[in-house]
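Data block below; observations after.
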Amino acid sequence: MGELNEFAKYVPLFAELPEETIDKIAGVGKRRNFKKDEVVFLEHETGSNLFIIITGKVKVSRESEDGKEVILTIMGESDFFGEMALVDGLTRSANVIAIEPSELLIIHREDFLDLLYNHPEVAIALLQELTKRLRAADMRIKSLSLKDAEGKVATVLMQLADDSGKIMQGAVVVEKLPYQQDLANMAGTSRETISRTLHTFVKKGLIELEGGNLRIPDYEAFKEMYR
Ligand code: CMP
């Protein structure tokens, strides 16, 4: 269990908690492994557990009217999901599917609510993350309704950079960029458009692609152009 306590210390949601509380969470949480492409849960299912990603990656998706997959976001290590049904008691708002072999920490509703009642700093960290997600969703709505292909693809790249990019001297690096089809399902466009637009960005010197990683050399300038 020691290894799990170590992991929990670095989960942003728990960053302000005293050590013994972290030990308690690690003690009550259950660990479960998911294979690549395994469903964690589906939209409209009932369920109220909170999930934290120990290792791996998941996609959060819904189905559009015409049956296409719309990826709302991709989450990685230390991210959490499942808080919506936990908080409002309704069914799951989206599908969550592992896109890499993943290990998840599952926390029961009562245990998480206990944490929120007894440690307001966890509630504040939760609100901060939900605010970030709402801002990202607002940005997506704007991009989907207003922008051309470049704007749509740029919005997805900024979402990935803000979620999981490493910033170094004004540049941002996103390791292991998702597959082009997944990028297309995030941007609401086709795989061909993703391929063509990434190529245009490379030619303009706005991004670099190498070994599956994305680098945006001047991230502030990129945001200025497409935000
Ligand atoms: P829940 O509704 O319980 O199950 C699906 C989960 O996906 C949801 O909780 C959130 O954790 C997550 N989720 C839903 N919509 C978004 C979004 N727009 N951005 C990020 N995460 C989301």
Side-chain angles (χ1 to χ4, degrees), residues 8 11-15 25 29-30 32 34 37-65 68-100 102-116 122-147 152-165 174 177-178 182-189 227:
V11 173
L13 202 53
F14 305 145
I25 301 167
K30 302 256 176 312
R32 217 194 116 182
F34 289 82
D37 298 326
E38 193 175 343
V39 171
V40 179
F41 55 68
L42 294 174
E43 187 182 350
H44 301 315
E45 282 181 7
T46 52
S48 54
N49 291 335
L50 181 83
F51 296 77
I52 299 173
I53 304 175
I54 301 174
T55 55
K57 270 190 189 158
V58 303
K59 64 179 172 186
V60 176
S61 68
R62 298 180 77 156
E63 211 172 274
S64 68
E65 290 287 302
K68 284 207 191 101
E69 178 185 61
V70 178
I71 298 180
L72 301 173
T73 190
I74 290 179
M75 295 186 180
E77 203 165 296
S78 301
D79 285 335
F80 66 84
F81 59 89
E83 77 295 339
M84 289 172 66
L86 186 157
V87 169
D88 66 13
L90 300 179
T91 55
R92 296 296 188 188
S93 62
N95 308 309
V96 178
I97 297 168
I99 54 172
E100 286 179 7
S102 302
E103 187 181 10
L104 306 182
L105 177 67
I106 306 173
I107 300 179
H108 284 119
R109 179 171 192 270
E110 288 67 32
D111 292 325
F112 190 65
L113 288 181
D114 258 6
L115 257 183
L116 294 180
V122 178
I124 290 169
L126 177 68
L127 283 174
Q128 280 171 342
E129 177 59 27
L130 295 185
T131 306
K132 191 172 152 197
R133 290 181 190 177
L134 188 56
R135 282 184 190 276
D138 287 350
M139 203 167 100
R140 275 167 49 84
I141 292 168
K142 184 176 157 197
S143 108
L144 291 175
S145 60
L146 291 180
K147 289 180 181 155
K152 287 183 183 178
V153 180
T155 302
V156 168
L157 298 186
M158 289 188 285
Q159 189 182 347
L160 291 166
D162 290 341
D163 282 351
S164 64
V174 178
L177 199 62
D182 284 339
L183 292 175
N185 294 355
M186 290 176 84
T189 181
R227 190 77 89 193

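Just follow the structure's listing: the first ligand is 1, and inside any ligand the first atom is 1. Only a predicted model underlies this, so the values are computations on that prediction, with no experimental measurement involved. Along the sequence shown, residues carry numbers from 1.
Using a 4.5 Å heavy-atom cutoff, the side chains of Thr131 and Leu134 are not in contact. Residues Ile53 and Phe34 have side chains not in contact (no heavy-atom distance under 4.5 Å, counting atoms from C-beta outward). No side-chain heavy atom of Ile71 sits under 4.5 Å from any side-chain heavy atom of Pro178. Between Met84 and Leu90, every side-chain heavy-atom pair lies at or beyond the 4.5 Å cut-off.
Both cation-pi conditions hold for Arg133 and Phe80: the charged atom is under 6.0 angstrom from the six-membered ring centre and inside a 45 degree cone around its axis.
Not a single N or O atom of Ala137, backbone or side chain, sits closer than 3.5 Å to an N or O atom of ligand 1. Inclusion of Thr91 in the set of residues having an N or O under 3.5 Å from an N or O of ligand 1 is not warranted.
Within ligand 1, counting atoms from 1 as listed, the ones closer than 4.0 Å to a heavy atom of Ala94 are 5 (C). In the vicinity of Phe41, heavy-atom distances shorter than 4.0 Å reach the ligand 1 atoms 4 (O), 5 (C). The contact set between ligand 1 and Phe81, taken as ligand atoms under 4.0 Å from a residue heavy atom, comprises 11 (O). Residue contact check: Glu83 has heavy atoms under 4.0 Å from atoms 9 (O), 10 (C), 11 (O) of ligand 1. In the vicinity of Ala85, heavy-atom distances shorter than 4.0 Å reach the ligand 1 atoms 1 (P), 2 (O), 3 (O).
The nearest heavy-atom contact from the protein to atom 3 (O) of ligand 1 is Arg92 NH1, 2.7 Å. The protein heavy-atom contact nearest to atom 22 (C) of ligand 1 is Val60 CG1, 4.0 Å. Among all protein heavy atoms, the one lying closest to atom 20 (C) of ligand 1 is Thr73 CG2, 3.5 Å. In this structure, atom 16 (C) of ligand 1 lies nearest to the protein heavy atom Leu72 CD1, 4.1 Å.
Residue Met75 places a heavy atom under 4.0 Å from ligand 1.
Of the listed options Ser61, Ser93, Gly47, Ser48, Ser93 places a heavy atom closest to atom 8 (C) of ligand 1.
A donor-acceptor distance shorter than 3.5 angstrom exists from the side chain of Gln159 to the backbone of Leu72, with no hydrogens or angles considered. A donor-acceptor pair under 3.5 Å is formed between the side chain of Ser102 and the backbone N or O of Lys57. Between the side chain of Arg109 and the backbone N or O of Ala85, no donor-acceptor pair lies under 3.5 Å.
More than 12 heavy atoms of other residues, nucleotides or ligands lie within 6.0 Å of CZ in Arg227, so this atom counts as buried by the packing criterion.
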